[in-house]
Amino acid sequence: MRKDTKKIVAYALSLGLSTSVVAVPSSAHAADTKLSTALSNKGSFRLPAQQGITGTHNVSFDHYSLMIDGKRTFLYSGEFDYWRLPSQSGWMDVLQKMKAAGFNAVTIYFNWDFHSPAKGKYDFTGIRDVDKLLTMAQKVGLYVVARPGPYINAETDGGGYPGWLTTEAGRARTAAPDYTEAYREWMSNIDPIIAKHQITKGGNVILYQVENEYSAKDAVYMQQIQDKAHADGINVPTFHNDKSGPKGNWASGAGAPDMYAFDSYPGLAGLPSYYGNPRQFAPKSPVFLAELGGGWFDPWGGKSYSTLSNTYNASYENVLYNHVVSEGATMMSIYMTYGGTNWGYLPFPGVYSSYDYTSAISESRQLGEKYNEEKLLATMYRTLSPLTKTETLAPAAAPSNQNLLLNAMQNPDTGTQFYVLRHSKGNSSEDDTTTMKIQSADGTYTLPQEPGTSIDINGQESKFMVANYQFGSQHLVYSTSNLYTHLTQGNRDTAVFYGGAGTDGETTLRYKTEPKVTVLSGDVKSKYDPATGDLRLNYKHDENISRVLIKDGNKELMLILTSNKTAETFWLQDTKEGKVLVKGPYLLRSASVRNKSLLELQGDVDKETTVEVLSPVNRISWNGEEVKAEKTPYGTYTFSLGSPQEVTVPQLTNWKYSDENEETQQNFDDSFFVNADKTTTNNPTKPLTKTVLYEDDYGFHHGMVWMRGHFKASGKETGITLDGEGGANGAYGVWLNGSYLGSSLSGTKTFNFPEGSLKKDEDNVVAVLVQNMGHDEDGGCKDSQKNPRGLVNAALVGDSTELTWKMQGNKGGENLIDPVRGVMNAGGLYGENNGFALPNYPDNAWKTVSALGNKDTHEAGVYWYRTSFKLNFPKMSDVPMGLSVNDDKTKNYRAYIYINGWLVGQYINNLGPQTVFSLPSGVLDPDGKNTVAIAVWSLDGSSIDTSKITLQKLGNYAGGVPVKMNKSPNYHDIFNK
Ligand code: GAL
């Protein structure tokens, strides 16, 4: 086996990916099939055992917190919805990144729509393999908060209701019999998978959500969902998420689940006080925020995620999350922590393809300021175990500066106190300075004690301070710095405190006798008071680290004092030999100790990096290779890692194109179209046409649909009035006998027949291309997912001649021709139905786009473009890629962008704002040939300028999770069997 292959295989196994699916160089494959098969047969997951969740446990709660086997647990969870990341290796990457930041749980919406193309049909394979997803989360060491709906909202098509459900008569989100039968079918499929993974059965699922922000009052329905879940084997606590803050819905009484929870997306200006409310509604539940804003979604025509991220930034998280904790919350889930991509036809009409959400982990799985902030907070919350049981504490006095607000809590058992200080106006960006008074079992203090120093809240930030706290063999009287974490190795405790660069910090510890204090680096003053035993340290938070060694008999404390920015470069990981603290790398995925002698670290770097490790052993490896680690005077080890290898990104050239507008022609043979001849529909919106022209009623649930209305002209017809419905931002285009009549956004419009276009006494054809932007959500419990898609009205003007309609959506309708890419990848353009987007489609007969790009004007209609490119990114690297379209915004065209047959982006040139489309690895081959196909629907005769389409490297990291390519069919697999 070649050396690099060996490394990749070992690395892949350690990440829990079976090597049979890992992209390794083909030459290596050939030589080593035997070995890699043997390795892959060992099972697909081999993460360090101490990271994973093992054994069976029970879950309970009281009004303070959740408990696992009776042990209080602070739930710091984040929402990650697998269906917005079509890549199993991507799942692993995101889960590891969450765990590395200190999350102890992942919250998952299971999307019925995504798994069910037709009534009675469910798919849980490949990118839908949720059994595997749950196993991955367990191996990574994350609990799971399961949210299977049946309704989920989530800015997705129909709020998670499958297309076929929109044709049923009963009202959704009620106890209507056909709806009940339908959702029970979903639950019968999803529940057994979730049930098997419950922590009570040796898995990691700890909670189960019933419905989603259910604002109607049907308690029978709510109870029936729970009864069904229980019948399916769910035995972990159930909960429901009350909409927009604690209102008491489903907190108690008929239909109420086990626990009460609520959602909250507050702005910082008026931070709500939650504490009283949830306790008042549900005295037995902890304060549980099932969704806490991690950002927000951007709509079509919106401001863009980069603009939104100015508001939903790291300091927003800092102020909001500390506030929520100061209000007593011990359970929270950040929506979204990884937003991902609305690839395919996943979005509801309000949102575009990127669902980045300004999340901590960006759409392209990259880490930035928000991730770092969450890491600081999550690590602190999980370090401070007394935080799981607190009561509000009236601070001894208000802070001296009245612009500031101080919330306090105390653990009734340990007396540990927590103080959260912020601007009373949460979004204030002023700089303020204060002193404050605390009173604990250790005494009464005005902080800071050191004359001439202060506690500063600079700009939008909060401070989380701890007092009367025992850790390791130390007693912390208080600190005006934030705590990152503390750990114990041998007889030495280490604690990391931080604050804004240049601000004062004061930390006081207590010792019976005066300890020996040695300042190893930085400028730190210390003062011991024999009367109280207080050892007070004063310092400024600095980008450089100050280190102080405090020796008390044979016990030692190493204090690490630094700035916010520097603290962000730390990572805390658990190993069998205890906690490990690492400073420096872009990401530390995991750490484990082998044979009590080798610390194995796995992670990613984005540049040349010096890594410093507080390690329990003296040998260290990084991504499978032992490094030369040098011991520092501080008892840590350092080593350096090189920068990622440069990569080149090819240009997109050699475009070919073809049109597909035959459907508009009078003599087009539409015999293979479906007869749109139904005369009844269950849809609450009744059609104005003689036959039903709703796409869903004919099994076409997504994307574009061609409709052809035939009529024998009397000669008096002068035009046609249409009501084309594709949802918000949807559009439709209209032709008579091949002549373009124009287009409209969803709604009613009359189109005049141009002179000479009508053929008297002949079969005339009105062709309509309707763009379905997805089904509406049903947040208001009004069956809005049934709002029709297709034509609600089609009436000729000038004569009452009736039309006879045929329509064609995705080939096969609910019987998918490509079940791998699945229901969300199936639209009804001719090219979609004939493999234009697929790898190996024979496009040799297509025309060549000139090297200068396609500047030709066309007629309105659909045009397909194809090209391909090769990537050969280094093994063990992660190079997130995007495809950018930077065209003249006045052109009125829309486009569907495909990579290797996967629809990765819906584009509206004159609406935006999205211009860069994330290309998930697994769909994109980082080490092979990739096919790009773009279907352009021109509404005005303009088309895409292919010279304005470029590939973009969004980052470059050495490390990563080996990419498992989705095994998806090419053209010949589907069309040339
Ligand atoms: C919540 C809802 C989520 C999502 C979110 C906004 O109210 O439960 O599904 O829609 O709003 O992103």
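Only this structure's heavy atoms are used, side chains among them; waters, hydrogens and symmetry mates stay out. Keep in mind it's a predicted model, so treat the numbers as computed, not measured. For ligands, and for the atoms within them, numbers begin at 1 and follow the listed sequence.
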Review point. Hey, does the Lys NZ or Arg CZ of R894 hover above the aromatic six-ring of Y907, less than 6.0 Å from the centre and inside 45° of the axis?
Key: no
Point to revise | Residue Y357 vicinity, atoms of ligand 1 by number, heavy atom under 4.0 Å | key: 6 (C), 12 (O)
**Study point:** Atom indices of ligand 1, in the order listed, that fall short of 4.0 Å to a heavy atom of E213
**Key:** 1 (C), 2 (C), 7 (O), 8 (O)
Check your understanding: At a 4.0 Å threshold, what atoms of ligand 1 neighbour a non-hydrogen atom of Y109?
Key -> 2 (C), 3 (C), 8 (O), 9 (O)
**Study point:** Any F348 heavy atom less than 4.0 Å to ligand 1
**Key:** no
Review point. Which of the numbered atoms in ligand 1 are below 4.0 angstrom from a heavy atom of D263?
Key: 8 (O)
Point to revise | ligand 1 versus Y151: contacting region, heavy-atom distance under 4.0 Å | key: neither
Review point. Where's the contact between I152 and ligand 1, heavy-atom distance under 4.0 Å: side chain, backbone, both or neither?
Key: backbone
Check your understanding: Could a heavy atom of K243 be found less than 4.0 Å from some atom of ligand 1?
Key -> no
Point to revise | Geometric N/O contact W296 with ligand 1, under 3.5 angstrom | key: no
Practice item. Considering only non-hydrogen protein atoms, determine which one is nearest to atom 5 (C) of ligand 1 and report residue, atom name and distance to 0.1 Å. Key: Y265 OH, 3.5 Å
Check your understanding: So does K284 have more than 12 non-hydrogen atoms from other groups sitting under 6.0 Å from NZ?
Key -> no
Exercise for review: Mark up the atoms of ligand 1 that fall under 4.0 Å of a heavy atom belonging to E155, in ascending order.
Suggested key: 4 (C), 5 (C), 6 (C), 10 (O), 12 (O)
Review point. Looking just at side-chain N and O atoms, do H701 and D696 make a donor-acceptor pair shorter than 3.5 Å?
Key: yes
Point to revise | Counterpart residues, side-chain contact (heavy atoms from CB on, under 4.5 Å), relative to S353 (two or more places apart) | key: Q906, Q914, F917
Point to revise | Side-chain donor-acceptor contact under 3.5 Å, Q460 with N427 | key: no
Practice item. Would you check if there is a donor-acceptor pair between the side chains of N212 and Y109 at a distance under 3.5 Å? Key: yes
**Study point:** Taking atom 1 (C) of ligand 1 as the reference point, the nearest protein heavy atom with its distance
**Key:** E291 OE1, 3.1 Å
Point to revise | E185: partners by salt bridge (charged side-chain N to carboxylate O under 4.0 Å, His left out), with sequence neighbours left out | key: K119
Exercise for review: Describe, in one word, how the ring planes of Y151 and Y161 are oriented to each other, choosing from parallel (under 30°), tilted (30 to 60°) and perpendicular (over 60°).
Suggested key: tilted
Exercise for review: Answer yes if the side chains of E363 and S354 hold a donor-acceptor pair under 3.5 Å, and no otherwise.
Suggested key: yes
Practice item. Enumerate the atoms of ligand 1 whose separation from the nearest heavy atom of Y355 is less than 4.0 angstrom. Key: 12 (O)
